[in-house]
Asker: 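Supplied in structure tokens, the structure appears directly below.
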Amino acid sequence: MKEGIVLELKDEQAIILTPAGEFISIPSEAHWKVGQSIFIPDELTQPKAFAESKISNKRSMWKKKNVWIGLVASLLIFFLPLSLTSQASVFVTIDINPSLELEVKDQSVIDVCYLNQDGKYLLSQMRDSELNGTLDQVTFHILEKAKQLGYLKQQENNVLMVGILDNKGTFEVSKYKETLEKNIAAQQLDAEVIILNTTEKEEKKLADQKGVSLGKLLLQKKEKENGNIISDDQLKKENVRDILKKGKEEKEKQNKHAE
């Protein structure tokens with residue numbers, strides 16, 4: 001995936017500026033906002049996805065309109081992951097197989113974005129009203145939709161990974177985990193809930209650079225400390241349950257060799 005900044009939204013199209021200085025025209029998402037940092041699926045950056053002449057024309061248009069816009073947008077791309085200039089005080093990522101990121105301010109969700117294709121599909125099946133509300137309310141609707149779409153299944157050991165960046169250090173992690181477990185029980189599901197949290201903005205920045213959720217990045221770091229190496233490729237392509245399963249199998253092998 002490529003990262004980019006939304007420069008313009010018009011007629012269900014978005015003009016995106018990438019760190020390489022490319023201006024890309026792609027279909028916009030309803031929740032995108034001008035100035036927002038997003039991730040662009042690789043298939044949308046291929047030549048077949050858009051006309052090269054269209055990019056060139058847009059590039060010329062923006063240069064003529066204001067040269068400094070490109071400079072400002074490039075600076076935004078550089079500084080946004082580091083400074084997290086969003087209004088959010090808490091970032092919550094949810095990984096089932098769909099991977100989503102929720103921006104939270106004063107317990108209310110102010111934005112939801114997808115981090116992979118399954119996440120994009122799940123969001124496309126949800127109403128705007130389901131994505132507005134408190135963190136607990138929106139989380140419930142996400143789990144409900146994930147069950148309806150078959151990402152969470154009854155009579156199966158599901159894994160729910162949550163990553164939390166708490167800028168102020170006041171987020172009640174244990175209370176949120178308790179709410180998650182109650183929501184899962186209400187859906188009549190069996191699921192292991194794993195929550196990893198941090199107050200380090202650099203870890204959110206690194207997750208953005210790798211194109212993965214904060215939860216997966218924190219899992220990678222934790223597993224490394226336990227002697228289990230998870231590659232970046234695994235983080236992007238595999239769901240959390242499979243990653244943990246492989247890690248467990250690898251540890252069992254190592255223990256047998258040690259005996």
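Quick caveat, the model's predicted, so the values are computed rather than measured.
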Asker: Side chains of Glu223 and Ile229: does their closest heavy-atom pair fall under 4.5 Å?
Answerer: no
Asker: Would you say the side-chain atoms of Gln148 and Lys145 include a donor-acceptor pair closer than 3.5 Å?
Answerer: yes
Asker: Can you confirm whether Asn132 sits close enough to Val109 that some side-chain heavy atom of one is under 4.5 Å from a side-chain heavy atom of the other?
Answerer: no
Asker: Is a side-chain donor or acceptor of Asn97 paired with a backbone partner of Asn239 at a separation under 3.5 angstrom?
Answerer: no
Asker: Are side-chain heavy atoms of Lys222 and Leu196 found at a separation under 4.5 Å?
Answerer: yes
Asker: Any carboxylate oxygen within less than 4.0 angstrom of a Lys/Arg side-chain nitrogen, looking at Asp232 and Lys236?
Answerer: no
Asker: Determine whether more than 12 heavy atoms belonging to other residues, nucleotides or ligands lie under 6.0 Å from atom CG of Asp242.
Answerer: yes
Asker: Val162 versus Leu180: any side-chain heavy-atom pair under 4.5 Å?
Answerer: yes
Asker: Salt bridge (Lys or Arg N to Asp or Glu O under 4.0 Å): which pairs involve residues 90-99, sequence neighbours left out?
Answerer: none
Asker: Which distance, rounded to the nearest 0.5 Å, do you find between the NZ of Lys147 and the NZ of Lys153?
Answerer: 13.5 Å
Asker: Can you establish whether the number of heavy atoms outside Glu12 located under 6.0 Å from its atom CD is more than 12?
Answerer: no
Asker: Can you tell whether the side chains of Glu130 and Arg127 come within less than 4.0 Å, N to carboxylate O?
Answerer: yes
Asker: Measure across Ser99 and Asn116 and return the closest heavy-atom pair with its distance rounded to 0.1 Å.
Answerer: N-OD1, 3.0 Å
Asker: Within the structure provided, determine whether Leu123 and Leu100 are in side-chain contact (heavy-atom separation under 4.5 Å).
Answerer: yes
Asker: Considering only residues two or more places apart or on different chains, which pairs with a residue in residues 196-222 satisfy ring-ring contact (aromatic ring centres under 6.0 Å, His included)?
Answerer: none
Asker: Should Val112 and Ile38 be counted in the same cluster of Ile, Leu, Val, Met, Phe, Trp and Tyr side chains packed under 4.5 Å apart?
Answerer: yes
Asker: Can you name the closest pair of heavy atoms from Tyr114 and Gly119 and give their distance?
Answerer: CB-C, 3.4 Å
Asker: Decide yes or no for Ile194 and Leu244: does some side-chain heavy atom of the first lie under 4.5 Å from some side-chain heavy atom of the second?
Answerer: yes
Asker: For the pair Asp166 (side chain) and Thr199 (backbone), establish whether a donor and an acceptor sit closer than 3.5 Å, ignoring hydrogens and angles.
Answerer: no
Asker: Within this structure, what is the CG-CG distance for the pair Leu102 and Leu135, rounded to the nearest 0.5 Å?
Answerer: 6.5 Å
Asker: Without swapping roles, check the side chain of Lys216 against the backbone of Leu235 for a donor-acceptor pair under 3.5 Å.
Answerer: yes
Asker: Table please: side-chain donor-acceptor pairs of residues 168-179 below 3.5 Å, with sequence neighbours left out.
Answerer:
{"residue": "Tyr176", "atom": "OH", "partner": "Thr139", "partner atom": "OG1", "Å": "2.8"}
{"residue": "Glu178", "atom": "OE2", "partner": "Lys182", "partner atom": "NZ", "Å": "3.4"}
{"residue": "Thr179", "atom": "OG1", "partner": "Lys175", "partner atom": "O", "Å": "3.1"}

Asker: With a 4.5 Å cut-off on side-chain heavy atoms, are Glu8 and Ile16 touching?
Answerer: no
Asker: Can you tell me how far CE of Met126 sits from CG of Leu131, rounded to the nearest 0.5 angstrom?
Answerer: 4.5 Å
Asker: Considering the options Leu218, Ile164, Leu160, which one meets the side chain to side chain contact (heavy atoms under 4.5 Å, CB included) requirement together with Ile195?
Answerer: Ile164
Asker: How many angstroms lie between atom CD1 of Ile230 and atom CG of Leu217, to the nearest 0.5 angstrom?
Answerer: 10.0 Å
Asker: We want to know whether Glu203 and Thr198 form a side-chain donor-acceptor pair, criterion being a heavy-atom distance below 3.5 angstrom.
Answerer: yes
Asker: Look up atom NZ in Lys245 and atom CD in Glu238, then write down how far apart they are to the nearest 0.5 Å.
Answerer: 11.0 Å
Asker: Would you name the heavy atoms of Trp32 and Pro27 that are closest together and state the gap between them?
Answerer: CZ3-O, 3.7 Å
Asker: Examine the side chains of Gln220 and Lys210 and answer whether a donor and an acceptor come within less than 3.5 Å of each other.
Answerer: yes
Asker: Do the side chains of Tyr151 and Asp118 get nearer than 4.5 Å, heavy atoms only?
Answerer: yes
Asker: Hey, does the side chain of Gln13 reach the backbone of Lys10 with a donor-acceptor pair shorter than 3.5 angstrom?
Answerer: no
Asker: Could you state the interatomic distance from NZ (Lys237) to OG (Ser231), rounded to the nearest 0.5 Å?
Answerer: 9.0 Å
